[in-house]
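Structure first, then comments.
These numbers were taken from a predicted model, which means no experiment stands behind them. Just so it is clear: chains get the letters A, B, ... in the order the sequence lines come, proteins before strands, and each one is counted from 1. Because only heavy atoms are used, hydrogens play no part in the values below, and waters and symmetry mates are left out as well, while side chains stay in.
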Number of protein chains: 2
Amino acid sequence: MDASWLDADEMAAWLRLVAITELLPGVLDSQLRRDAGLSHYEYFVLAMLSEAPERTLRMTSLAQRTNATLARLSHVVRRLEERGLVERYPCPEDARATNARLTAEGWSLVESAAPAHVANVREHVLDPLTSQQVHQLVEIGDALLERLDPGGRMTALYRREAR
Amino acid sequence: MDASWLDADEMAAWLRLVAITELLPGVLDSQLRRDAGLSHYEYFVLAMLSEAPERTLRMTSLAQRTNATLARLSHVVRRLEERGLVERYPCPEDARATNARLTAEGWSLVESAAPAHVANVREHVLDPLTSQQVHQLVEIGDALLERLDPGGRMTALYRREAR
DNA sequence: CCAGAATAGTTGTAGCGTCAACTATTGGCG
DNA sequence: CGCCAATAGTTGACGCTACAACTATTCTGG
């Protein structure tokens, strides 16, 4: 990390981004773990299902929406299924595919966990920013995701095209 | 994740930040793993040592600079020591403390890994941003880190005070 | 000056993610 | 048709991180 290769502003931005990616997961996980017994990724999976029609999604689509590989999702969904929060069944239209559906129990867990989670996100991320900075973060996020996920394989569903 | 609790811009910013924290580690890790046999966190540890006087730091200080807990760092340094990249020795001034020092081998590894890593950071993070956005990211980062690491326990060393 | 609290660090364990290997189905095209 | 590539998903092993428990020093107030 030779400082001469990045100018002062670039280095400052980079150090902050690294720190955020190290610290944010812990902040999210510990609140959700304590209040709902879920990791942030597990919560996010349940939340994506809760917003889908029939509260059901194919594994591949769910993996995209949660920025994860299929292998990771498969392990997570197996554990969620063992806890009765989700159920899997073969997709009727395509025998290769698997559908994951939120159970009633899973739905009520997300519902009960959401308020405290949203409050936590507000407290640690949204509140400290001005509304102008929130908007800047959207633009910066789009620019970065275009490179971090070039084909839009994981983020195409909500990403705005670059101007 | 009830959308009604966050407005459109807030939700957009939040989804992008989540996606970045999921995707960035993989982008950094895979390049460094392939080119230097190091995880990004391991590289960062070596890089922080390479910039310190005597290429030596106390474990606690090194943990702060790398946004990590002492437990995590201890495991990582043990593995780096086994590979001959770092050496540990009891701190003379305080018998509780341990110093970690970069070996010659560790130094040459960081030196050889740095160019490709910096290029990767440029390609995926800095280049897609305007210089104005880089500056905005610094401000946004400071605002978030003030909440993510309230006491400045991990980030005080480089964080700018809020205006 | 010494008892208890705080600091510094290590270690074992359990849980999660990555990677590679694998099965099963579908789609394309010759 | 029939074969081969692509798609969809699962699984097992391995490595890394968080958490809790532990040792060992140093600091501090009575």
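- Using a 4.0 Å cut-off between a side-chain N of Lys or Arg and a carboxylate O of Asp or Glu, B:Arg122 and A:Glu10 qualify as a salt bridge.
- The side chain of A:Ala97 lies closest to D:dA8, out of D:dC19, D:dA8, C:dC19.
- The distance from atom NE2 of A:His40 to atom P of D:dA18 is 16 Å, rounded to the nearest whole Å.
- Between the CD atom of B:Glu82 and the C1' atom of D:dC16 there is a distance of 14 Å, given to the nearest Å.
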Please tabulate, for side-chain N and O atoms in residues 25-32 of chain B, each donor-acceptor pair with protein atoms closer than 3.5 Å (sequence neighbours left out).
| unit_1 | atom_1 | unit_2 | atom_2 | d |
| --- | --- | --- | --- | --- |
| B:Asp29 | OD1 | B:His40 | N | 2.7 |
| B:Ser30 | OG | B:Gly26 | O | 3.0 |
| B:Gln31 | NE2 | B:Asp35 | OD2 | 2.9 |

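- Inspection of the A:Arg65 and A:Ser61 side chains reveals an N or O donor paired with an N or O acceptor under 3.5 Å.
- One can place CZ of A:Arg72 at 17 Å from P of D:dC16, the figure rounded to the nearest angstrom.
- Picking from D:dA13, C:dA20, C:dT11 the nucleotide with the shortest atom distance to the side chain of A:Ala71 gives C:dA20.
- With hydrogens and angles left out, the side-chain atoms of B:Thr98 and B:Tyr89 include no donor and acceptor closer than 3.5 Å.
- Nearest nucleotide to the side chain of B:Leu70, out of D:dT17, C:dT18, C:dA8: C:dA8.
- Where B:Ser39 and A:Thr98 each meet DNA chain D at their nearest nucleotide, the meeting point lying more 5' is that of A:Thr98.
- For the pair A:Arg79 and C:dC16, the criterion of a side-chain N or O lying under 4.0 Å from OP1 or OP2 is met.
- The side chain of B:Arg78 contributes no N or O atom lying less than 4.0 Å from OP1 or OP2 of C:dT10.
- A heavy atom closer than 4.0 Å to some atom of DNA chain C occurs in A:Asp94, A:Ala95, these being the qualifying members of residues 86-95 of chain A.
- Taking atom CZ of B:Arg33 as the reference point, atom P of C:dG17 lies 16 Å away to the nearest angstrom.
- Rounded to an integer number of Å, the gap from CZ of B:Arg58 to P of D:dT25 is 15 Å.
- Between A:Glu22 and B:Arg72, at least one side-chain nitrogen of the basic residue sits less than 4.0 Å from a carboxylate oxygen of the acidic one, meeting the salt-bridge criterion.
- Considering only heavy atoms from C-beta on, A:Arg147 comes within 4.5 Å of B:Asp127 through its side chain.
- Remark: B:Arg96 is not in phosphate contact with D:dA24, judged by side-chain N or O atoms under 4.0 Å from OP1 or OP2.
- Put simply, NE2 on B:His75 is 14 Å from P on C:dA14, counting in whole angstrom units.
- Spacing between atom CG of B:Leu32 and atom P of D:dG15 amounts to 19 Å, rounded to whole angstrom units.
- Screening B:Val138, B:Ile140, B:Val125, B:Thr21 for a side-chain contact (heavy atoms from CB on, under 4.5 Å) involving A:Leu17 leaves a single residue, B:Val125.
- Going from atom CG of A:Leu62 over to atom P of D:dA8 covers 14 Å, rounded to whole Å.
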